[in-house]
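See below for the structure under consideration.
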Amino acid sequence: MKALVYHGPGQRSWDDVPDPTIEAPTDIVVRIDASTICGTDLHILKGDVPAVQPGTILGHEAVGTVVEKGAGVTTLELGDRVLVSCITSCGRCRFCKERRYGLCTGGGGWIFGHLIDGLQAEYARVPFADTSVYKIPDKLSDEEVLFLADILPTAFEVGVLNGRVEPGDTVAIVGAGPIGLAVVLTSRLFTPAHIVAIDVDEGRLERARELGADVTIDNSANTALAEVMELTGGLGADVAVEAVGLPETFELCTELVRPGGRVANVGVHGHSATLHLETLWIRDLTITTGLVDTFTTPRLLSLIAEGRLDARPFATHHFTLGETMAAYDTFADAAHSHALKVVLTAEPVQVAPVREEAVAGVV
Ligand SMILES: NC(=O)c1ccc[n+]([C@@H]2O[C@H](COP(=O)([O-])OP(=O)(O)OC[C@H]3O[C@@H](n4cnc5c(N)ncnc54)[C@H](O)[C@@H]3O)[C@@H](O)[C@H]2O)c1
Ligand SMILES: [Zn+2]
Ligand SMILES: [Zn+2]
């Protein structure tokens, strides 16, 4: 089969590789029908994730069809369409029993395109299939559910739920990339009074407005703090979500929130950020961090199935799997291509026009 293979920092290619096979009775093999690229894949290609060995197939988000199953798989049949998520669950360890699958110590967690071969490929082996994949209702297209594999549960769990967004809150989201925009979309489920999106890219702020931010702030001149204080009568936001991953944006989040406020960090930080306890100690802040667990994936899937949540506006570019190399170039050059998420499909698809209400996201 063909797959996108990481060959060390800065090096990737679309290679002929052996077809995956069943290695454990709890495995399935899926044919990949749709996949996508994550900002984390770009981090890997920069050499920021040394655990990824050269020769690994990248990708941790896909929709596929079961084509082989191990003798121990009991809840899936050949031909089932499934969401293969960025997080795998052994279903047996202490953390999986607490639904904290991201912390799985039994061989799961984030393994695709990291510790084992990933999902930007024609086929993939999926370990712990019964406890890790989600069957997709027939009425939903691949593209409607694809972003449940990572950005939607990440934004909802690590941003909105960790930040304990409540009705009437002012939520400030620093960073309006795919993750920050998914925080905009999913925070609406709790009816905040204000959703404030903060970025330095006007195109992304425009997207934030389309997805439901009522206030957008261009932080190119570092005016975000003053503007949020003006909006909130000098008090600060109830919740700040860090969705960039830089020391200065983390520090900004701790300054943006009111006394007693919550800072939910989602960004992956490559450098240490200063926690200014000399000013923060008296402000009763709660600061959370986290890797996604995906325990909300079934709930988000039913919201999509019932037409209450629509993530299709994230799909800005379409390619076939065979064009994955070009798709990486487009995704990595978001400043010019304005890419949010690229959709890679097994066959060229006729893209249905986005429903009118989809622009509004939560309907
Ligand atoms: N915790 C998790 O489980 C998890 C999972 C996936 C991604 N992430 C991380 O979340 C972060 C966001 O991911 P993404 O894919 O949306 O990334 P992205 O790079 O597409 O988006 C980041 C956005 O931040 C903006 N930005 C940069 N500097 C800024 C500044 N000073 N002020 C305001 N905005 C600024 C950029 O213009 C960009 O739009 C990344 O660090 C990513 O690695 C975390
Ligand atoms: Zn990811
Ligand atoms: Zn586990």
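Remember, it's 1-based here, ligands and their atoms both numbered in the order they're listed.
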Checklist line | Thr88 OG1 to Phe112 CZ distance, which is reported to the nearest 0.5 Å | finding: 4.0 Å

Notebook entry, point to check: Are any of the N/O atoms in Val266 less than 3.5 Å from those in ligand 1?
Noted result: yes

Item checked: Ion pair Lys2/Asp16, N-O distance below 4.0 Å -> yes

Checklist line | Heavy-atom nearest option to atom 15 (O) of ligand 1, drawn from Gly270, Ala155, Pro178 | finding: Pro178

Checklist line | Angle subtended at the Zn ion (ligand 2) by His60 NE2 and Cys38 SG, rounded to 10 degrees | finding: 110°

Checklist line | Heavy atoms of other groups near Glu230 CD, more than 12 under 6.0 Å | finding: no

Next item on the list: Specify the protein heavy atom at minimum distance from atom 16 (O) of ligand 1: its residue, its atom name, and the distance to 0.1 Å.
Entry: Ile179 N, 3.0 Å

Notebook entry, point to check: Is there a nitrogen or oxygen of Val292 sitting under 3.5 Å from a nitrogen or oxygen of ligand 1?
Noted result: yes

Margin query: Report the atom name of the nearest N/O/S atom of Asp150 relative to the Zn ion (ligand 2).
Written below: OD2

Margin query: To check your reading of the model: name the closest protein heavy atom to atom 39 (O) of ligand 1, its residue, and the distance in Å.
Written below: Asp199 OD2, 2.7 Å

Checklist line | Heteroatom proximity flag, Gly39 to ligand 1, N/O under 3.5 Å | finding: no

Next item on the list: Please confirm whether His43 comes under 4.0 Å of ligand 1, counting heavy atoms of the residue only.
Entry: yes

Check: Side-chain contact, heavy-atom cut-off 4.5 Å: Thr26 with Asp130?
Finding: no

Next item on the list: Please check if any side-chain donor atom of Glu227 sits under 3.5 Å from a side-chain acceptor atom of Thr223, or the reverse.
Entry: yes

Checklist line | Under-4.0 Å heavy-atom contact with ligand 1, by part of Ala243 that carries it | finding: backbone

Check: With a 4.0 Å heavy-atom cut-off (strictly under), which part of Val244 contacts ligand 1: side chain, backbone, both or neither?
Finding: both

Next item on the list: Determine whether Glu251 and His276 make a side-chain contact, defined as any pair of heavy atoms from C-beta on separated by less than 4.5 Å.
Entry: yes

Next item on the list: With atom 29 (C) of ligand 1 as the reference point, say which of Thr249, Asn222, Thr289 has the nearest heavy atom.
Entry: Thr249

Margin query: I need the atoms of ligand 1 closer than 4.0 Å to a non-hydrogen atom of Gly267, numbered in the order shown.
Written below: 9 (C), 10 (O), 11 (C), 41 (O)

Check: Are Thr316 and Phe331 side-chain neighbours, meaning at least one heavy-atom pair lies under 4.5 Å?
Finding: no

Notebook entry, point to check: Considering only the protein, which heavy-atom contact is closest to atom 1 (N) of ligand 1, and what is its distance?
Noted result: Gly290 O, 2.8 Å

Note to self: Side chains of Thr40 and His60, heavy atoms from C-beta outward: is any pair under 4.5 Å?
What the structure shows: yes

Notebook entry, point to check: According to a 4.5 Å side-chain heavy-atom criterion applied to Ile, Leu, Val, Met, Phe, Trp and Tyr, with indirect links allowed, do Tyr134 and Val29 form part of one hydrophobic cluster?
Noted result: no

Note to self: Are any of the N/O atoms on Arg204, whether in the backbone or the side chain, positioned under 3.5 angstrom from an N/O atom of ligand 1?
What the structure shows: yes

Checklist line | Side chain, backbone, both or neither: Ile151 near ligand 1, heavy atoms under 4.0 Å | finding: neither

Next item on the list: Could you please spell out the steps behind the salt bridge (charged side-chain N to carboxylate O under 4.0 Å, His left out) verdict for Arg262 and Asp238?
Entry: CA-CA 6 Å; Arg262 286 92 68 191; Asp238 300 286; 5.3 Å; no

Next item on the list: Work out the angle at the Zn ion (ligand 3) between SG of Cys96 and SG of Cys90, rounded to 10°.
Entry: 120°

Item checked: Nearest neighbour of atom 43 (O) of ligand 1 from the list Leu291, Ile217, Val268, on a heavy-atom basis -> Val268

Check: Does Glu98 pair with Arg100 as a salt bridge, N-O distance under 4.0 Å?
Finding: yes

Check: Are any non-hydrogen side-chain atoms of Phe250 and Ile287 less than 4.5 angstrom apart?
Finding: yes

Next item on the list: Can you pull out the closest protein heavy atom to atom 5 (C) of ligand 1? Residue, atom name and distance to 0.1 Å, please.
Entry: Thr154 CG2, 3.4 Å

Item checked: Atoms in ligand 1 with a heavy atom of Asn219 nearer than 4.0 Å -> 32 (N)

Notebook entry, point to check: Can you check whether Glu248 has an N/O within less than 3.5 Å of an N/O in ligand 1?
Noted result: no

Notebook entry, point to check: Is any NZ, NE, NH1 or NH2 atom of the basic residue among Glu68 and Arg125 found under 4.0 Å from an Asp or Glu carboxylate oxygen of the other?
Noted result: no

